[in-house]
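Everything numeric here is computed off the predicted structure, so don't read it as measured data. Counting from 1, the numbers follow the sequence of the chain as shown.
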Amino acid sequence: MTSPAAREPSRSYDDILARLVSLHPKRIDLTLDRMWRILDRLDHPERRIPPVIHVAGTNGKGSTVAFLRAILEAAGLRVHVYTSPHLVRFNERFRLGKVGGGVLVTDDQLRDALDHCERVNGGEPITIFEIETAAAFHLFAEHPADVVLLEVGLGGRLDATNVIDAPLAGVITPIGMDHIEFLGDTLIKIATEKAGIIKKNVPVVCAEQTAEATAVIEQAAKRARAPLHAATQDWHVNVEHGRLVYSDERGLLDLSAPRLFGRHQFDNAGLAIATLRAIESLKLEPSAFEQGIARAEWPARMQRLTSGRLVDAGPKDAEVWLDGGHNPDGGRVAAAALGDLEERVSRPLVVIAGMMGNKDAGGFLANFAGQTRHIIAVRIPDQDNAMPPDVLAHSARQLGMRVETASSVEAALRAIAKLAYDVPPRILITGSLYLAGHVLAENGTLPQ
């Protein structure tokens with residue numbers, strides 16, 4: 001889905017993307033061979049970009065990147081950012097650093113970069129993620145900045161982003177069971193793929209992990225002689241009187257709470273702080289951490305929707321929340337955030353859920369079983385591999401939940417509006433970043 005300007009024939013990159021998809025129809029095919037080939041033809045832009053912070057993990061990558069960017073920008077640095085997937089517009093994946101704050105790549109800049117990479121590729125097989133990653137490196141090499149924040153697409157070891165020899169730091173967010181068809185069916189296998197971003201003598205900063213994942217990361221860091229900075233061992237983050245208190249061997253930071261909602265965002269913010277304090281070349285003032293933590297935004301992560309077309313379709317004065325969580329661990333942190341909200345102001349909870357067909361619906365929805373019995377299952381629009389609502393509903397019924405299906409999120413909200421509540425309900429729309437992107441577009445809430 002693109003902005004109106006991007007649909008103009010003279011400026012469109014949609015046709016380029018359509019051609020590129022046909023070059024290697026297998027959407028995910030983990031190898032670095034094709035990536036090295038196109039980078040060689042591009043004269044290795046990955047060697048000419050600003051210093052990189054490389055971020056892998058299962059959950060919290062995007063939020064951690066948002067905190068890193070906000071802190072670095074508060075320190076006056078220019079920050080390029082490459083993330084995936086996008087929610088509404090393809091441009092969201094590419095942010096160019098500028099003094100005072102980065103901006104999303106323009107349609108013209110993106111079209112030119114993709115067009116250049118398409119010409120250089122010469123019709124050879126390549127996945128769409130590989131060529132867009134090459135386009136990111138090309139863009140970042142052409143525009144000056146101080147730091148690049150590079151988010152892994154899938155896994156780590158064979159991900160298209162894993163071509164940086166000596167980043168400033170590697171970051172590993174919490175690892176969980178997801179994408180098992182590509183990364184393996186055990187936590188040890190998945191952690192091994194994620195730990196593949198660890199480079200020789202480069203600091204690696206790690207969120208709190210399970211014992212299995214921790215062992216894998218420790219072994220990988222030891223082999224690479226990479227200094228390991230692990231949560232709860234080398235640094236700590238706590239919530240005290242509503243504030244974020246971070247501590248490590250260098251001292252303590254007493255900071256405002258993150259703007260991003262949920263206890264897990266304190267952990268993500270702590271991971272970002274630990275990363276920046278582990279990079280010796282960065283000397284940041286405490287004020288940059290304070291300002292950055294308070295300013296960081298990241299859409300579709302327990303995001304409160306207060307107005308818009310979809311919000312207006314729901315019950316009057318209802319709370320509407322949007323979260324792109326799509327695996328059991330993502331559901332757990334969203335449920336914990338809802339628990340915090342319930343302690344502040346009690347409201348009946350309704351969950352509108354839509355998921356992709358390869359996800360663990362039962363494991364995800366089980367997190368909400370103690371908070372609500374009312375689930376409305378919807379299908380994610382325009383996704384061939386979306387889970388049918390009746391399949392999602394079956395998983396919810398097995399958990400003892402009362403389930404309905406609806407033709408769309410809007411239809412679900414209109415159905416809720418017809419119900420009688422003593423107190424306006426709290427509504428969570430969740431289950432997929434694809435669904436979250438659709439909701440933001442339909443509601444008229446575009447990420448900036």
Side-chain angles (χ1 to χ4, degrees), residues 13 16-56 61 65 78-86 90-97 102 105 108-171 182-183 193-202 224:
Y13 50 76
I16 300 175
L17 292 173
R19 289 196 302 272
L20 293 174
V21 168
S22 70
L23 293 178
H24 196 72
K26 191 175 180 181
R27 182 169 164 265
I28 297 173
D29 187 6
L30 298 178
T31 175
L32 289 177
D33 296 342
R34 294 180 299 271
M35 197 67 197
W36 284 123
R37 185 193 68 231
I38 192 172
L39 290 175
D40 185 57
R41 294 181 181 181
L42 288 167
D43 193 26
H44 289 284
E46 81 283 3
R47 299 175 184 170
R48 295 181 277 113
I49 64 176
V52 169
I53 298 174
H54 200 190
V55 182
K61 294 193 300 292
V65 167
R78 300 164 299 172
V79 186
H80 292 331
V81 185
Y82 179 56
T83 58
S84 61
H86 61 281
F90 196 73
N91 313 56
E92 295 167 30
R93 298 175 180 234
F94 313 83
R95 184 176 293 271
L96 298 178
V105 65
D108 286 345
Q109 288 171 325
L110 182 53
R111 180 205 61 203
D112 291 347
L114 290 170
D115 185 59
H116 178 63
C117 290
E118 182 185 23
R119 287 197 308 271
V120 167
N121 186 60
E124 296 271 8
I126 194 163
T127 69
I128 186 64
F129 184 73
E130 289 164 350
I131 205 159
E132 74 184 52
T133 303
F137 289 139
H138 173 70
L139 282 164
F140 296 164
E142 295 294 313
H143 294 81
D146 301 297
V147 179
V148 172
L149 301 178
L150 192 62
E151 181 189 342
V152 166
L154 184 66
R157 183 175 64 92
L158 296 176
D159 185 75
T161 63
N162 199 27
V163 293
I164 306 299
D165 290 333
L168 290 171
V171 184
F182 301 108
L183 303 180
E193 295 299 316
K194 307 289 186 182
I197 71 162
I198 296 175
K199 300 297 191 300
K200 186 176 180 180
N201 298 323
V202 173

Leu114 side chain reached by Leu17 side chain, heavy atoms, under 4.5 Å: yes

Non-hydrogen side-chain atoms of Arg34 and Asp29 separated by less than 4.5 Å: yes

Atom pair CG (Leu158) and OG1 (Thr161), whose distance is rounded to the nearest 0.5 Å: 11.0 Å

Nearest atoms (heavy-atom pairs only) where Gly97 meets Arg78: C-CB, 4.0 Å

Rounded distance (nearest 0.5 Å) linking atom CZ of Phe129 with atom CE of Met35: 8.0 Å

Residue from Val81, Val52, Ile53 passing side-chain contact (heavy atoms from CB on, under 4.5 Å) with Val147: Ile53

Shortest non-hydrogen contact between Gly122 and Arg41, atoms and distance: N-NH1, 4.3 Å

Pairwise distance CZ(Arg111) to CD(Glu118) - rounded to 0.5 angstrom: 12.5 Å

Aromatic plane relationship, His86 with Phe90 - under 30° parallel, 30 to 60° tilted, over 60° perpendicular: perpendicular

Validation row: Trp36, Glu46 side chains within 4.5 angstrom (heavy atoms): yes

Taking every non-hydrogen atom, the tightest pair across Phe137 and Ala160: CE1-O, 4.4 Å

Contact check, side chains of Pro45 and Leu39, non-hydrogen atoms, under 4.5 Å: yes

Residue pair Tyr82 / Glu132, side-chain heavy-atom distance below 4.5 Å: yes

Where Ala113 and Leu139 come nearest, the two heavy atoms and their spacing: CB-CG, 3.8 Å

Residues Val55, Leu149; criterion side-chain contact (heavy atoms from CB on, under 4.5 Å); working and verdict: CA-CA 8 Å; Val55 182; Leu149 301 178; 5.9 Å; no

Nearest heavy-atom neighbours spanning Ala56 and Ile197: CB-CD1, 3.7 Å

Pair Asp40 + Arg37: basic N to acidic O under 4.0 Å: no

Minimum heavy-atom distance between Thr31 and Glu130, given as atom pair plus value: O-OE2, 3.7 Å

CG-NZ distance between Leu183 and Lys194, expressed to the nearest 0.5 angstrom: 5.5 Å

N/O donor-acceptor pair under 3.5 Å between Asn121 side chain and Ile126 backbone: no

Close side-chain approach of Thr83 and Phe94, heavy atoms under 4.5 Å: no

CA sep, side-chain torsions, deciding dist, call: Thr133, Asp159, side-chain contact (heavy atoms from CB on, under 4.5 Å): CA-CA 10 Å; Thr133 303; Asp159 185 75; over 6 Å; no

side-chain contact (heavy atoms from CB on, under 4.5 Å) between His54 and Val202, intermediate numbers included: CA-CA 11 Å; His54 200 190; Val202 173; over 6 Å; no

Nearest-0.5 Å distance, CD1 of residue Ile131 to CZ of residue Arg19: 10.0 Å

His116 (side chain) donor-acceptor with Leu42 (main chain) under 3.5 angstrom: no

Test log, rule side-chain contact (heavy atoms from CB on, under 4.5 Å), inputs Ile164 and Ile49: CA-CA 10 Å; Ile164 306 299; Ile49 64 176; 4.1 Å; yes

Any Glu142 side-chain heavy atom under 4.5 Å of His138 side chain: yes

Validation row: Asn162, Val152 side chains within 4.5 angstrom (heavy atoms): no

